[in-house]
Amino acid sequence: MKIHNTLSGKKEEFVPGGDEVKMYVCGVTPYSSCHIGHAMSYIIFDVVRRYLEFRGYKVKYVQNFTDVDDKIIARANNLGRPTSEVSQELIEEYFEDMDRLNIRRADVYPKATEEIPDIIRVVQGLIDKGHAYEVNGDVYFRVRSGDNYGKLSHRNLDDLRSGARVEVEEAKDDPMDFALWKAAKAGEPSWESPWGYGRPGWHIECSVMSLKYLGNSLDIHGGGQDLIFPHHENEIAQSEAFTDVVPFVKYWMHNGLLQLEQDKMSKSVGNLVTVREMLKKSSADAFRLFAMNSHYRNPLNYSDEGLSAMERAVERLRRALQIEDEEGNGETLDAETYRQRFIEAMDDDFNTPQALAVLFDLARRINGAKEQGLLVGQAQEMLRELAGVLGLQLEGEVKEFPADPFVNLLVEVRSELRTAKQWQLADMVRDRLGDLGVTLEDTPKGTKWQYKGGK
RNA sequence: GGCGGCGUAGCCAAGUGGAUAAGGCGGAGGUCUGCAAAACCUCUAUUCGGCGGUUCGAAUCCGCCCGUCGCCUCCA
């Protein structure tokens with residue numbers, strides 16, 4: 001299979017370094033609720049992981065929480081509460097949101113605040129090797145200590161410097177040098193270190209946690225395109241400087257950003273839709289379909305209309321799974337070619353739009369075969385399996401609602417009306433139930449009903 | 001200013017050198033149905049932002065232009 005590597009800018013044949021695929025995805029900084037841009041990114045990497053496993057790889061998946069940072073501190077101060085409490089609450093919310101989106105949990109979720117001794121050890125190591133230096137309790141990484149800085153984002157230090165809007169701090173050797181460790185200011189959480197009390201800088205925690213939980217060379221490191229620079233560039237610089245192992249990461253994967261009304265959705269800009277808001281209106285399957293319907297490297301524009309179109313599309317797949325085989329039918333529908341096409345699509349840098357096209361083709365084939373009297377149970381199993389690789393659940397109703405017996409009663413009465421050919425009354429019942437969000441379908445086996453959009 | 005994307009039907013969106021340009025939503029017609037719904041069948045881009053060029057052949061490669069977005073500052 002092929003994966004597009006940001007480092008080379010090309011699709012490359014995927015060859016993991018060992019038996020186990022080592023995969024690290026940058027997690028969130030928990031200072032506010034997750035928005036649907038996060039959801040999209042984590043859905044994409046969830047699919048990457050599920051697909052790798054489907055193809056027989058064993059995957060170790062690590063995702064961090066950067067639970068100490070300026071914004072968390074600001075937020076906690078606003079609320080008059082400890083930072084640890086605020087971040088912990090948001091982490092719990094994160095898990096709830098991701099669970100609802102059917103995103104499988106990572107194997108390890110390290111937190112920056114729980115890795116301080118290792119962070120200090122790595123920072124000290126970088127100082128010892130001459131890649132970092134301390135100034136008044138701050139420690140900076142020296143970007144010019146290697147000659148590879150900029151290789152991921154494909155820019156060079158001189159270009160950066162000329163156009164940079166970075167405030168020049170006199171203390172730094174080079175304006176692009178970045179903080180590994182920040183000296184404590186009043187009212188901030190801090191930890192004791194060889195350079196006095198302080199806290200880790202933004203990038204170092206990811207390097208330390210990935211090195212610790214996955215080793216010196218990872219197979220896949222993922223995140224949004226907005227992390228390419230400076231975050232991932234800095235991770236490479238400090239990790240490779242510390243371990244002398246190159247490459248730190250074999251395949252860098254970056255997803256395009258979700259946009260809202262033509263602008264990037266961003267916490268700091270405030271133009272965002274939270275996962276919770278979105279899930280009030282849509283099912284997890286519809287959102288997953290929405291996210292996977294465009295290629296992961298392209299930006300995607302969010303719209304309510306787009307999402308509700310996906311709701312109807314999900315329904316199409318769901319229905320193909322709901323039909324049942326009858327006794328005494330003819331041959332069995334062979335769906336093997338669809339499986340092959342699915343694999344072909346996904347092997348090509350996770351081409352989910354094409355993989356979805358295969359699922360829709362298969363759904364149509366199942367429906368058509370059913371009308372021809374073929375047995376479709378096996379094909380349905382395959383559809384369910386392949387959809388599952390994309391994290392789609394396609395479940396019909398499971399839960400019982402208090403209104404169910406009343407709906408059943410109305411449907412029963414309507415059936416009597418139909419038997420008596422009281423079409424007007426029967427249609428009125430159907431229309432009024434429709435207004436209330438219940439759709440009826442008359443089939444040869446009786447009337448079926450369901451709540452619109454599932455439950 | 002520097003770097004990198006993107007521009008394909010009413011909308012969303014694959015395809016990135018060769019034979020009919022995926023799929024979804026929407027729309028039109030038909031089959032089925034008491035009528036619907038669902039499902040199935042048919043149709044819905046002679047053409048891929050514009051102009052040049054390379055090639056036997058380009059949506060696909062190259063150049064220029066137009067539009068648009070991101071990164072260069074915290075960000076999935």
Side-chain angles (χ1 to χ4, degrees), chain A residues 6 9 25-29 31 34-45 63 66 69-71 74 150 153-156 158-167 176 202 222-231 233 254-259 262-269 272 289-290 292-295 297-301 303 305-317 319-320 322-323 341 345 348 351-361 363-364 366-372 418 421-424 426-427 430-431 434 439-444 447-449:
Chain A
T6 307
V25 174
C26 279
V28 292
T29 299
Y31 73 91
C34 282
H35 58 66
I36 54 181
H38 296 115
M40 183 178 88
S41 186
Y42 296 127
I43 284 170
I44 286 162
F45 290 107
Q63 187 180 105
T66 300
D69 137 290
D70 291 349
K71 293 208 194 72
S153 51
H154 305 112
R155 40 190 99 183
N156 65 65
D158 299 314
D159 287 345
L160 282 168
R161 193 150 57 168
S162 58
R165 282 174 278 166
V166 183
E167 266 182 56
M176 292 309 294
W202 174 33
Q225 277 171 354
D226 52 353
L227 294 180
I228 295 173
F229 190 91
H231 187 55
E233 194 71 61
H254 293 97
N255 63 275
L257 302 178
L258 189 62
Q259 317 210 335
Q262 300 304 323
D263 284 316
K264 182 182 76 164
M265 191 172 299
S266 163
K267 285 192 189 180
S268 49
V269 179
L272 50 80
L289 213 59
F290 182 77
M292 291 187 287
N293 196 224
S294 85
H295 188 86
R297 280 190 282 116
N298 291 146
L300 178 60
N301 209 1
S303 73
E305 303 77 59
L307 193 52
S308 55
M310 287 302 129
E311 201 75 66
R312 293 187 287 276
V314 168
E315 194 56 29
R316 197 172 158 68
L317 295 177
R319 284 182 179 276
Q322 278 167 4
I323 56 179
R341 285 173 56 203
D348 184 16
N351 193 329
T352 53
Q354 216 152 59
L356 284 173
V358 175
L359 298 193
F360 283 106
D361 284 347
R364 179 181 295 110
I366 287 170
N367 289 327
K370 173 69 183 173
E371 297 203 347
Q372 291 162 14
R418 292 183 69 226
K421 299 199 189 296
Q422 299 268 343
W423 306 124
Q424 275 199 328
D427 288 352
R430 183 176 61 198
D431 291 347
T439 49
L440 303 196
E441 278 177 51
D442 298 321
T443 75
T447 301
K448 289 184 183 170
W449 69 270

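Just so it is clear, the structure is predicted and the values come from calculations on it, not from any experiment. Labels below follow one simple rule: chain letters A, B, ... track the order of the sequence lines, proteins then strands, and each chain is numbered from 1.
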If you restrict it to nitrogen or oxygen atoms, what contacts under 3.5 Å exist between nucleotides 59-61 of chain B and the protein, and what is each distance?
none

Identify the pairs formed between an N or O of the protein and an N or O of nucleotides 3-11 of chain B at a distance under 3.5 Å, and give each distance.
from: B/C3; atom 1: O2'; to: A/His154; atom 2: O; distance (Å): 3.3

Polar atoms only, N or O, under 3.5 Å: list the protein pairs with nucleotides 31-37 of chain B and their distances.
from: B/G34; atom 1: N7; to: A/Arg418; atom 2: NH2; distance (Å): 3.4
from: B/G34; atom 1: O6; to: A/Arg418; atom 2: NE; distance (Å): 3.0
from: B/G34; atom 1: N1; to: A/Asp427; atom 2: OD1; distance (Å): 3.0
from: B/G34; atom 1: N2; to: A/Asp427; atom 2: OD2; distance (Å): 2.7
from: B/C35; atom 1: O2; to: A/Arg430; atom 2: NH2; distance (Å): 2.6
from: B/C35; atom 1: N3; to: A/Arg430; atom 2: NH1; distance (Å): 2.9
from: B/C35; atom 1: N3; to: A/Arg430; atom 2: NH2; distance (Å): 3.3
from: B/C35; atom 1: N4; to: A/Asp442; atom 2: OD2; distance (Å): 3.1
from: B/A36; atom 1: N6; to: A/Asp442; atom 2: O; distance (Å): 2.8
from: B/A36; atom 1: N1; to: A/Asp442; atom 2: N; distance (Å): 2.9
from: B/A36; atom 1: N3; to: A/Arg430; atom 2: NH1; distance (Å): 2.9

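By the salt bridge (charged side-chain N to carboxylate O under 4.0 Å, His left out) test, A/Arg319 pairs with A/Glu315, A/Glu441, sequence neighbours left out. Residues satisfying the side chain to side chain donor-acceptor pair (under 3.5 Å) criterion with A/Asp348, sequence neighbours excluded, are A/Lys11. Listed by chain and number, the residues in a salt bridge (charged side-chain N to carboxylate O under 4.0 Å, His left out) with A/Arg316 amount to none (sequence neighbours excluded). Judged as a side chain to side chain donor-acceptor pair (under 3.5 Å), and not counting sequence neighbours, A/Asn298 has no contacts. Partners of A/His231 by ring-ring contact (aromatic ring centres under 6.0 Å, His included), not counting sequence neighbours, listed by chain and number: A/Trp202, A/His203. In this structure A/Ser294 satisfies the side chain to side chain donor-acceptor pair (under 3.5 Å) test with no other residue, sequence neighbours excluded. Under the ring-ring contact (aromatic ring centres under 6.0 Å, His included) criterion, A/Tyr42 pairs with A/Tyr94, sequence neighbours left out.
One interatomic measurement links the two molecules: CD of A/Gln259 to P of B/G70, which rounds to 6 Å at whole-angstrom precision.
B/C71 and B/C64 are spaced 25 Å apart, taking the P atom of each and rounding to whole Å. Here, B/G29 and B/C48 have their C1' atoms 28 Å apart, quoted to the whole Å.
A/Ser303 places a side-chain N or O within donor-acceptor distance of the main-chain N or O of A/Gly306, the cut-off being under 3.5 Å.
At a threshold of 4.0 angstrom between heavy atoms, the contacts of A/His295 are confined to the sugar-phosphate backbone, with no base atom among them. Among the atoms of the strands shown, only primed sugar atoms or phosphate atoms (P, OP1, OP2) are found under 4.0 Å from some heavy atom of A/Gly368. Using a 4.0 Å heavy-atom cutoff across all strands shown, A/Asn367 reaches sugar-phosphate atoms only and no base atom. Within 4.0 Å (heavy atoms only), A/Tyr42 reaches sugar-phosphate atoms of the nucleic acid but no base atom. A/Gly434 comes within 4.0 angstrom of nothing in the nucleic acid, heavy atoms only.
With the 3.5 Å cutoff on both pairing distances, Watson-Crick and G-U pairs in RNA chain B assemble into runs of at least 3 at B:1-7 with B:66-72, B:10-12 with B:23-25, B:26-31 with B:39-44, B:49-53 with B:61-65.
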* Checking side-chain contact (heavy atoms from CB on, under 4.5 Å) for the pair A/Lys448/A/Thr439: CA distance, chi angles, key distance, verdict? -> CA-CA 8 Å; A/Lys448 289 184 183 170; A/Thr439 49; over 6 Å; no
* Structure fact -> Heavy-atom contacts, protein to nucleotides 22-30 of chain B, under 4.0 Å, summarised as B (base), S (sugar-phosphate only) or - (none) per nt, yield BBSSS----
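In this structure, a donor-acceptor pair under 3.5 Å is present between the side chains of A/Thr447 and A/Asp442.
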